[in-house]
Amino acid sequence: MALRMWASSTASALKISCASKAHLSPAFSLSRCFSTVLDGLKYASSHEWVKHEGSVATVGITDHAQDHLGEVVFVDLPESGGSVSKGGSFGAVESVKASSDINSPISGEIVEVNSKLTEKPGLINSNPYEEGWMIKVKPSDPSELESLLGPKEYTKFCEEEDAAH
């Protein structure tokens, strides 16, 4: 319980949310999931995040997604210059547990691809919101960002999804 209180106060101080099922666990049990959800990002229900800055949006998979995948060992990403469609697959990640498509939360032109992930796919696990980003997109319809979830909505979505499984 003390650890949960410490984690909650630390998360508040860092302005992050915890997407966990801790409230469903017995008081003496530690929750396995303390997924980070950052303020200032938008989230898709398929567990991708978007950081929109100026004319470019950076896209990656969430901490919640990488936690469920386990150790990422391979990433398949598109070439720069291609296009993505909202809800369409643009790549895949393979982990020791599973393989999963990555869906684009927005439509647009791919202006940059994180080539570091080819050699170091584990960056998705260790730093999903910074070094583990996947693609940068010039949105063709910036209004699509409005349909994505904010941090609180995404946290609630993850809690409900975890409770159902």
Side-chain angles (χ1 to χ4, degrees), residues 7 10-11 14-20 31-151 153-155 157-159 161-162 165:
T10 301
L14 294 173
K15 296 189 185 276
I16 57 177
S17 303
C18 178
S20 75
S31 175
R32 172 179 128 5
C33 175
F34 282 99
S35 296
T36 303
V37 176
L38 300 180
D39 286 336
L41 301 182
K42 292 290 209 164
Y43 300 88
S45 59
S46 53
H47 302 288
E48 291 84 18
W49 58 267
V50 179
K51 183 178 186 180
H52 190 227
E53 297 176 300
S55 64
V56 176
T58 305
V59 177
I61 66 169
T62 65
D63 189 41
H64 184 81
Q66 72 77 26
D67 183 56
H68 282 273
L69 281 169
E71 182 186 352
V72 175
V73 294
F74 178 76
V75 182
D76 180 28
L77 295 174
E79 298 285 323
S80 187
S83 64
V84 290
S85 298
K86 181 177 180 168
S89 175
F90 69 81
V93 290
E94 292 181 18
S95 72
V96 294
K97 289 185 191 178
S99 179
S100 181
D101 285 342
I102 310 162
N103 298 317
S104 183
I106 58 172
S107 301
E109 178 189 350
I110 301 168
V111 295
E112 191 176 346
V113 176
N114 189 350
S115 59
K116 286 183 187 177
L117 297 180
T118 303
E119 294 297 319
K120 296 181 179 180
L123 289 172
I124 292 169
N125 298 112
S126 63
N127 199 345
Y129 299 114
E130 295 293 330
E131 293 182 275
W133 65 273
M134 297 181 165
I135 60 173
K136 292 190 179 191
V137 176
K138 182 178 179 182
S140 57
D141 183 1
S143 69
E144 289 177 340
L145 292 161
E146 296 168 20
S147 67
L148 298 174
L149 304 171
E153 294 86 6
Y154 180 68
T155 298
F157 174 80
C158 290
E159 289 171 345
E161 187 178 67
D162 285 351
H165 290 95

By ring-ring contact (aromatic ring centres under 6.0 Å, His included), which residues pair with F90, not counting sequence neighbours? none
Worked check of side chain to side chain donor-acceptor pair (under 3.5 Å) between D63 and Q66: CA-CA 5 Å; D63 189 41; Q66 72 77 26; 2.7 Å; yes
Hey, does the side chain of Y129 reach the backbone of T36 with a donor-acceptor pair shorter than 3.5 angstrom? yes
Find the distance between CD1 (I102) and CG (L77) and round it off to the nearest 0.5 Å. 5.5 Å
Distance check, rounded to the nearest 0.5 Å: E144 atom CD versus S107 atom OG? 3.5 Å
Check whether the ring centres of H64 and F157 lie less than 6.0 Å apart, and answer yes or no. no
Check: K136 and W133 side chains under 4.5 Å, non-hydrogen atoms: yes
State, with a plain yes or no, whether a side-chain heavy atom of L145 is found less than 4.5 Å away from one of V50. yes
Check: E153 and Y43 side chains under 4.5 Å, non-hydrogen atoms: no
Interatomic distance, S80 atom OG to E112 atom CD [nearest 0.5 angstrom]: 7.0 Å
Could you give the distance from OG1 (T62) to CD1 (I124), rounded to the nearest 0.5 Å? 11.5 Å
May I ask you to check whether over 12 heavy atoms, not counting those of K138, lie within 6.0 Å of atom NZ? no
Close side-chain approach of S104 and E48, heavy atoms under 4.5 Å: no
Under 6.0 Å from the six-membered ring centre of W49 and within 45° of its axis: does the NZ or CZ of K51 meet both? no
Are side-chain heavy atoms of V59 and M134 found at a separation under 4.5 Å? no
Looking only at non-hydrogen atoms, find the nearest pair between H68 and K97 and report the distance. O-NZ, 3.5 Å
Kindly determine whether K86 and S147 satisfy side-chain contact (heavy atoms from CB on, under 4.5 Å), including the steps that lead there. CA-CA 11 Å; K86 181 177 180 168; S147 67; 2.4 Å; yes
Using modelled atom types only, decide if a donor and an acceptor are shared between the side chain of N114 and the backbone of E131 within a distance under 3.5 Å. yes
Any side-chain heavy atom of I135 within less than 4.5 Å of one from V84? yes
What distance do D101 atom CG and D76 atom CG have between them, rounded to the nearest 0.5 Å? 9.5 Å
Which residues satisfy the side chain to side chain contact (heavy atoms under 4.5 Å, CB included) test with K120, sequence neighbours excluded? L123
Side chains of L69 and I61: closer than 4.5 Å at any heavy-atom pair? yes
Closest non-hydrogen contact found for S95 with G70 is CB-O, 4.0 Å
Output the distance between atom NZ (K42) and atom CD1 (I106), rounded to the nearest 0.5 Å. 12.0 Å
Closest heavy-atom contact between G81 and E109? O-CG, 4.3 Å
Over all atoms of both residues, closest heavy-atom pair of H52 and G54: NE2-O, 3.2 Å
Is the closest side-chain heavy-atom distance between V56 and V111 below 4.5 Å? yes
Write down the atom of S55, the atom of P139, and the distance for their closest heavy-atom approach. O-CD, 3.4 Å
Counterpart residues, side-chain hydrogen bond (donor to acceptor under 3.5 Å, both in side chains), relative to N103 (two or more places apart): none
